[in-house]
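Proteins come first, then strands; the chains are lettered A, B, ... in the order of their sequence lines, and each starts at number 1.
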Amino acid sequence: MDRYDAQRIEQKWQRVWEDERAFYVPNPEGPAHLDESKFYMLEMLPYPSGDLHMGHVLNYTLGDVVTHFRRRNGDTVLRPMGYDSFGLPAENAAIREGGHPREITERSIANIGRQMRRLGWAIDWDREVSAHQPEYYRWTQWLFLKFLEAGLAYRKEAPVNWCPNDQTVLANEQVVDGRCERCGAEVEARRLEQWFFRITAYADALLDDHQLLDWPERTITIQRNWIGRSEGAEFLFRVEELDLDIPAFTTRPDTLFGATFFVLSPEHPLVERLVEGTPGEATANEYVRRTAHLTIGERADPERAKTGVFTGRFVRNPANDARIPVWVADYVLMDYGTGAIVAVPAHDERDYAFAQRYDLPVQEVVEPADGEGDGGQAGAFVAHSEGERLVNSAQFSGLPAPEGAKAIVEWLASRGRGRPAVSFRLRDWGFSRQRYWGCPIPVVYCGRCGIVPVPEEDLPVVLPEVDDYRPRGKPPLASNEEWMEVACPRCGGEARRESETMDTFVDSSWYFLRYCDPHDDSVPFERELVDYWMPVDQYVGGIDHAIKHLLYARFFVKVLNELGYVGFREPFQRLFHQGWVRQGGSKMSKSRGNVTAPDELADRYGADAVRLYILFRGPADQDIEWNADDIEGTARFLRRLWRVVGGVAERAPGGVAQPAGPLTQKAHETIARVTDDIGRRFQFNTPIAAVMELVNDLARAPEAPDARFAAETAVSLIQPYAPHIAEELWQRLGHARLWEQSWPAVDPARLERDTFELVVQVNGRVRDRIEVAAKLGEAELVERAKASPRVQAQLDGKEIRRAVVVPRKLVNLVVA
RNA sequence: GCCGAAGUGGCGGAACUGGCAGACGCGCUGGACUCAAAAUCCAGUGCCCCUCGGGGCGUGUGGGUUCGAUUCCCACCUUCGGCACCA
């Protein structure tokens, strides 16, 4: 038997697969060719940053196992790959080291593609797409135009998150703890005119359709919290002197009679008008200016004492007509609710803290069940608890709180001073970026016509060349004057192009649709094709995308569904999050410089060993602490497999397919375990252990008559994990094309045993194990248990009060 | 603070529906082969006690339910995620 030469075997089979186009899946040619057994396997596409890291290896190997498993179970599996190739890292590298972002990106793509092929993943490379190629972003622009036309993309001036380091705006989803999630710089609030997608219009749909999904509960919870739906009411508060109604949202309409003041956000558009001409005007304006200079982190710091100023104005509480003072305070946020709140210090912690600081009155209006109110002095912020009743609330006093809330809203609604309302924490998605390496936004600004979309036939708007990628107060594209100047498509007059580019999350919000029809140059995708392949049957990616990519992509699909371009409402039916690969406790990533390159490992141990190792380490959804020593174990297993199966192949050519015997039985048990683990439990580490057991048994009896069947089964079952060695051994066993073979089937008859090991307990403690015939009845089992000398020693003549029998497992004798 | 997940040998982990805790692997110890090494193979390996038959303890901590609990219930501790002035 020759030595196991991983490099030679892997090169050989990778060439065979490519020559035979083993994993390329053509599109169906018409409705007649559609079959029900399609399976769309997708992993989140990589950002092309130099090299693959072990996190990618985990992600894509996991997808590869599922791909092989589903293929061999008869499914037509679509398993494409592409690159999220626009984005800041390449642009920053170009600024730092020179070169063009495109060159840097394409070099990375070439390298990563080579590394992916080296690991032997079963990918349909014909469907490869890259976000930065005009053939792709042409359609990103086209989709933008559809959104614009539908009123779902719009431009407005708004306070936005500005990263002073990356010199660009960030979406809310890209700000973590007040910092830029990419570079860590503290984010500033700026008022800028920006492009937004109206994702808030889909807030309810995004929540409701969670029920259609087979997703981890924690991911759905994260999305639900992020969307943050709150039910309540909006009431109108009147400023008599100015003949003005100001709406305010509250989730506690039952406490309306307890309002003792009213607060506007500093950004509220009415502030200026309210304070005009009052003695406090200068102070108030100064306060608004000061607030504007706070960073988002500072403003949100709950430790900071609440601040505010009195405007000098009063509003009427619509419930009791009380004249209450209007304040401006930065604890009220402009972009939630209406930017104004009805302050009820007796029943809200924040209002209470503010009232204490500025000596404002506190009025209790809800009493707990026991009637022992605290006069509102604790500022008890409690959601409705059982038995609470309204007090000091005119005709509503005495009502239980939930009924009171409802009654107050109905009453004020009938008088035109209120209505039921819902507020969301979710904000519209700000998607324009003041950077170079992204998809140009296809509009022009015309002095006469305003914002004018670039006509579809003029797409793509090709990303122009610029001399300097550094943003200097304006987007880099604006520096290319020649490109910027353009004739207005509507009136032909002088116009200027949009110089901002799109957030890269726009690119990745529809790539899974393009894979279905990747080369079409007349449409982004044909509806018939996406309706066939979509939704993705199994999506695999990091949970860090729970509220970014996974929310944006759902939004895109919902819009495309409503516009009639796709026939489904959700993109990703089943979702799985692989864990992080950590080193020294932190996530492995290039920016942390703690990457172990898969290349080196593949050179040393072979791709099969790397693939096996990354899945054998533990459950795929848990984090893995990188430990290079352990890969020796999987390499050793592969050598053992090679030797043992190779020996069988040389020794036992053909013969009876499945002779009865312990190895045949073990093989069937292993088939059952592996099939259930991958297919039902989606667990990837234990199948490897099961095959190791089978190989260990085989190694102990390599000359047994059923050795050949055990060897073939082991090779067949390990194929999704270690496809190269499996293919080579399969060939040596006298077969061909294991990747096309049906997944092995369990024969239930082969699982049956004549005897089993009966566990005998006394008072729940194991005292003996006896081999007994499988057909024995309960009484017989109890007799055998009692007869055991070890049990006799424990019984010591005591009375047996009860015997619990678990068929095929154990007998428990309960003694006094 | 609120919400969620998880705590099992020296290490990674297994035990799916309440039924043999520690599968499989790493590491370690001893042995075989070898001039030697690598590779490979065999045996052992939770902790403690032992008259070598076996016995006791043991799945974060403390309770509970049960013939029987890593698994179910209650309380607590620790770690890791998410949210956090959202009215």
Practice problem: Pick the C1' atom in B/G44 and in B/C35, then give their distance to the nearest Å. | Solution: 29 Å
Quiz item: Given the C1' atoms of B/G19 and B/G31, what is the spacing between them in whole Å?
Solution: 38 Å
Exercise. Taking only the side-chain nitrogens and oxygens of A/R765, find out if one of them lies under 4.0 Å from OP1 or OP2 of B/A69.
Key: no
Quiz prompt | Set of ring-ring contact (aromatic ring centres under 6.0 Å, His included) partners for A/F684, sequence neighbours left out | solution = A/F682
Quiz item: Using atom C1' of each nucleotide, how far apart are B/C33 and B/C24 to the nearest Å?
Solution: 27 Å
Practice problem: Using the test ring-ring contact (aromatic ring centres under 6.0 Å, His included), find all partners of A/F237 that sit at least two apart in sequence or belong to another chain. | Solution: A/F262
Quiz item: When rounded to the nearest Å, what value does the distance between P atoms of B/G10 and B/U59 take?
Solution: 13 Å
Quiz item: Which whole number of Å gives the distance between the P atom of B/C26 and that of B/C42?
Solution: 13 Å
Quiz item: Judged by atom type as modelled, is there a donor-acceptor pair below 3.5 Å linking the side chain of A/R611 to the main-chain atoms of A/Y721?
Solution: yes
Quiz prompt | Options B/A14, B/C67, B/C20, nucleotide nearest the side-chain atoms of A/P619 | solution = B/A14
Quiz item: Considering only heavy atoms and no angle criterion, is a donor-acceptor pair shorter than 3.5 Å present between the side chain of A/R769 and the base of B/C20?
Solution: yes
Practice problem: Kindly point out which of B/G13, B/C67, B/C85 is positioned nearest to the side chain of A/V804? | Solution: B/C67
Quiz item: Would you say B/A87 has OP1 or OP2 under 4.0 Å from some side-chain N or O of A/S230?
Solution: yes
Quiz prompt | Atom pair distance, as rounded to whole Å: CG in A/L551 and C1' in B/C83 | solution = 15 Å
Exercise. Find out whether the Lys NZ or Arg CZ of A/K306 is both under 6.0 angstrom from the six-membered ring centre of A/Y331 and within 45° of the ring's axis.
Key: yes
Quiz item: Which one, B/U40, B/C57, B/C67, comes nearest to the side chain of A/R636?
Solution: B/U40
Self-check item: Under-4.0 Å side-chain N/O to phosphate OP1/OP2 contact, A/N685 with B/C24
Solution: no
Quiz item: For RNA chain B, whose closest nucleotide is more 5', that of A/N225 or that of A/V342?
Solution: A/N225
Quiz item: If you pin A/I222 and A/F424 to their nearest nucleotides in RNA chain B, which one's is more 5'?
Solution: A/I222
